[in-house]
Each structure stands twice: as C-alpha cells, then as structure tokens.
Trainee: 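To start, I am sharing the structure in question, which I have written as structure tokens.
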There are 2 protein chains.
Amino acid sequence: MTTEAGSPRSGGYARGRATRAEILDAAMRLFGEVGYRTASLREVAARVGISHPGLLHHFPSKAALLAAVLERRDEVDEAAFQADLAAGHEYVEALTRVIERNASRPGIVELYATLSAEATSPGHPAHAYFQERYRRVVDRAVGEFERWRDEGRLRPGLDPETAARLTVAVLDGMQIQWLLTADAPDARPDMAAALRAQLNAVQAP
Amino acid sequence: MTTEAGSPRSGGYARGRATRAEILDAAMRLFGEVGYRTASLREVAARVGISHPGLLHHFPSKAALLAAVLERRDEVDEAAFQADLAAGHEYVEALTRVIERNASRPGIVELYATLSAEATSPGHPAHAYFQERYRRVVDRAVGEFERWRDEGRLRPGLDPETAARLTVAVLDGMQIQWLLTADAPDARPDMAAALRAQLNAVQAP
DNA sequence: GTCTATACAACGATAGAC
DNA sequence: GTCTATCGTTGTATAGAC
C-alpha cells in the first residue's frame, strides 16, 4: 500500500537508485506545489537524483507520469472513502470527510481543479481519465439519491440524476471559490458547510 | 512595405496593418480553441500576419494579452446582461440567457473554465482578475437572493450568501461536466435546465 | 510608434552509447 | 536502466530599420 518514500538506499553511488515509486512520489509532491504545467520533468528527476531522460525511461511522457499520479491519488482517496463506508458511516458523512481531508491539502485540490478543467479538452492526456472519474462519482451519487427518492427524502420534482449532477457541480465549483480566496482566510467559504447546505436544498422539505 | 510574415490565409484585409483589435480578436479565438497555455504568441502573431515581437509591442507579455482578452470578453457579456435587465427581464432570465448564449460558444466556455481553475494559483497573471470577477458575480447573486428572502421565496434555513455561492458553484461545476461530454451529445447535461433546477432547490417549497 | 530580426534559456522529447 | 547529446518550440529581451 504505502510506498516507502524518501528512504535513501545505502551505497557509494547516489545515482541510478530511482524507482518508479520514488518518481511518482516526487511528481505528486511537485505537481501539488506548482501545478502540472509549471512543473518540469527535470525538476522531478533532480529530486530523485536522476537525469530527465532517465525518468522518461519509467514514464514515456509527462502525460503518462501525470496519469500515474492521478491513478495513485485516486486509489488512496477511494480506499479512504470505502473504509469510511465499511466503518458504518453514511454516504453523506463519508463524502464530507473526503472534503474535509482535502481542505488540508490545497496543493492536491488545486491540481485536481486545474486538471479537471484543462482536461475538458478532448486532446488532453487526462481527458479519458476525468471522463471515467466523473461518471463514477456521479453514478455513485445517483445511486444514493435514488435511495432518497424511494424513501421520500428527495425534493419533489427533482430527479436523482439532476440532484447528483448538481451536487458534484457544487463541490467542483466551490473548490474554485475556495482556492481563489487562499489569501483571504476570513472570506473563505466552508466547503463542508456548503456541501451540507446543498444536500439540504435537494432534500424534501 | 508589405509584411511577409505569416501564411497567406484570407486576403480579406490588408496584411501588415494589424491593429490591437485584430490581435485581441485572434488571441481570443485561439485561446478558446486550444487554451491559454497551449496557445503560442507566434501562432497568434501569424494569424494576424505580423511577427511575434511585433505582437509584443502591443502587449508586452503573454499575460498582458490574456488580461486584455478577458477584459474585453467581460465587457461584452456584461453589456448583454445589463441590456437584458434594462429590457425588463428578471435576474434569473438574464442569467439563463447568458448560459444559453455560452452553450453555442464551447471555446469561450473552455477558456473560462480552464482559466478560472489555473488562475486560482496566487502567482497567476489572471489571479486578481478572477478574484474581482467572482466577487462581482457572487455579490450580484447575493443581492437577488436577499430580495427572495424578503419576499419569503428563499428556502428557510438558507442564507442569501450561501445560496449565491452554491448557485455560482453549480454554474462553474456544470461547465466542467458539460465540457467533458463534448464527444457524447446524448449524455450531455442541459446547462440551463440545471440552473433552473438549482434555483428551484434553493427556493421556498 | 510600428514593426523585423536575432538571441537566449528552459522545456518535452528522442537517439544512441555504456 | 541510465547516461550524454541534441532537436524543435516556447516566452522573453534587445537592437535597430522605417
């Protein structure tokens, strides 16, 4: 599960020690710090002590490296979400906890916000990834709201599909507003509170 | 002196006479096509038939060009919105019309979605612009929802500020989902319908 | 003022040697 | 598996022609 990152292997020769996992770790960190487009392969490579063609041997392109980072990040988030569900938490609670966790990692939030927007372009290397991801996230929300509807808890006139899309949209849109107020903590919107307000709005009165 | 830079595309207007407005026009179009970061100054310059240092004489940097493009786009949208209001349309109708207009210009939508995300980074050249823009848009929505509240039309327990932020977030978030389904028109969410559903959800039952 | 020409450092990517 | 060397392209800066 957890990759042993940053533990320097002993040996007289510092170079040639970079593994796939070490590169992934450094890339995720740098992407989170400065964003995908600003980050350079040379900088990632330098952080793990190899040349940038050396890095490209493990990941054939910058886009491939990005894809690998996204997949790993997703696995971590998904595991935490499923663990919350398995621990008996409701869908709403588990979702709120994901949001709250992200609030302490602005770098990753910015990475996802920027990427999901730039990946809307059909030619983008992460386009298919985000299409699949949105379908998964929306579908899960649809399932939840279908349960609400069956129990009479969904607002009349609102179908589960629309409720799901609106809720996912609120999360994405609030991320932008949250990120844009990084330098004004007082005016910063509360992501979890916004989610609760939205869930309340789509609920039956 | 004829400038021979650029490809002989359309002989509509005389080459070598590129004005600020022509550059702005070409830049807006290219940014909308491929995004800000992918677009190159050389390509913009080529489209108006000048060299790229020639372009830099009018706009000292790529960021300055971007700022000018955003300001002009905003003026156009703002004028249309105000014209709708002046024509007696309600706020909700005017807002819906902006959305519907944008649905026919996916390039501009993608430009704004991408930019508002990448401009969340404090060092981005358009950071201040988007901060100001969001404050303006949210404030206008707050004003509208305060009216709703005073007339008893706002959902109880929901304050105008939160309702405004949620609504703006829905518009931004739905744009992502809309753009991501560009290659599947059947599954494409209806932006205007989503806005109406959201406004319905924040309304008093 | 309006431009062309040229130079520069940094980028992603490739080729080929150990 | 990792290196050095190199390619084409980018944003930017400067010099200088009209």
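The sequence lines fix the lettering, A, B, ..., with proteins before strands; numbering per chain opens at 1.
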Trainee: Just grab all the salt bridge (charged side-chain N to carboxylate O under 4.0 Å, His left out) pairs involving residues 184-199 of chain A, residues at least two apart or on different chains.
Mentor: none

Trainee: I want to check one thing: is the phosphate of C:dC3, taken as OP1 and OP2, less than 4.0 Å away from some side-chain N or O of B:Ser51?
Mentor: no

Trainee: Does anything in residues 59-73 of chain B form a salt bridge (charged side-chain N to carboxylate O under 4.0 Å, His left out)? List the pairs, not counting sequence neighbours.
Mentor: B:Asp25-B:Arg72, B:Arg73-B:Asp77

Trainee: Report, as a single string ordered 5' to 3', how protein heavy atoms within less than 4.0 Å touch nucleotides 7-18 of chain C: B base, S sugar-phosphate only, - not at all.
Mentor: B---BBBB----

Trainee: Give the rounded distance in Å between these two atoms: CD of B:Glu43 and C1' of D:dG8.
Mentor: 16 Å

Trainee: What's the CG-P distance between B:Leu55 and C:dT2, to the nearest Å?
Mentor: 13 Å

Trainee: Measure the distance from CD1 on B:Ile50 to P on C:dT2 and round it to the nearest whole Å.
Mentor: 11 Å

Trainee: Taking salt bridge (Lys or Arg N to Asp or Glu O under 4.0 Å) as the definition, give me every residue that meets it alongside A:Glu33, ordered by chain and number, with sequence neighbours left out.
Mentor: A:Arg47

Trainee: Just how far, in rounded Å, is P of D:dT12 from CZ of B:Phe59?
Mentor: 14 Å

Trainee: Using distance alone, with no hydrogens and no angle criterion, decide if B:Gln131 and A:Asp183 have a side-chain donor and acceptor under 3.5 Å apart.
Mentor: yes

Trainee: Could you list all the salt bridge (charged side-chain N to carboxylate O under 4.0 Å, His left out) pairs where at least one residue sits in residues 165-177 of chain A, not counting sequence neighbours?
Mentor: A:Glu161-A:Arg165

Trainee: Test of understanding: with side chain to side chain contact (heavy atoms under 4.5 Å, CB included), list the residues that count as partners of B:Ala63, not counting sequence neighbours.
Mentor: B:Tyr36, B:Ser61, B:Pro125

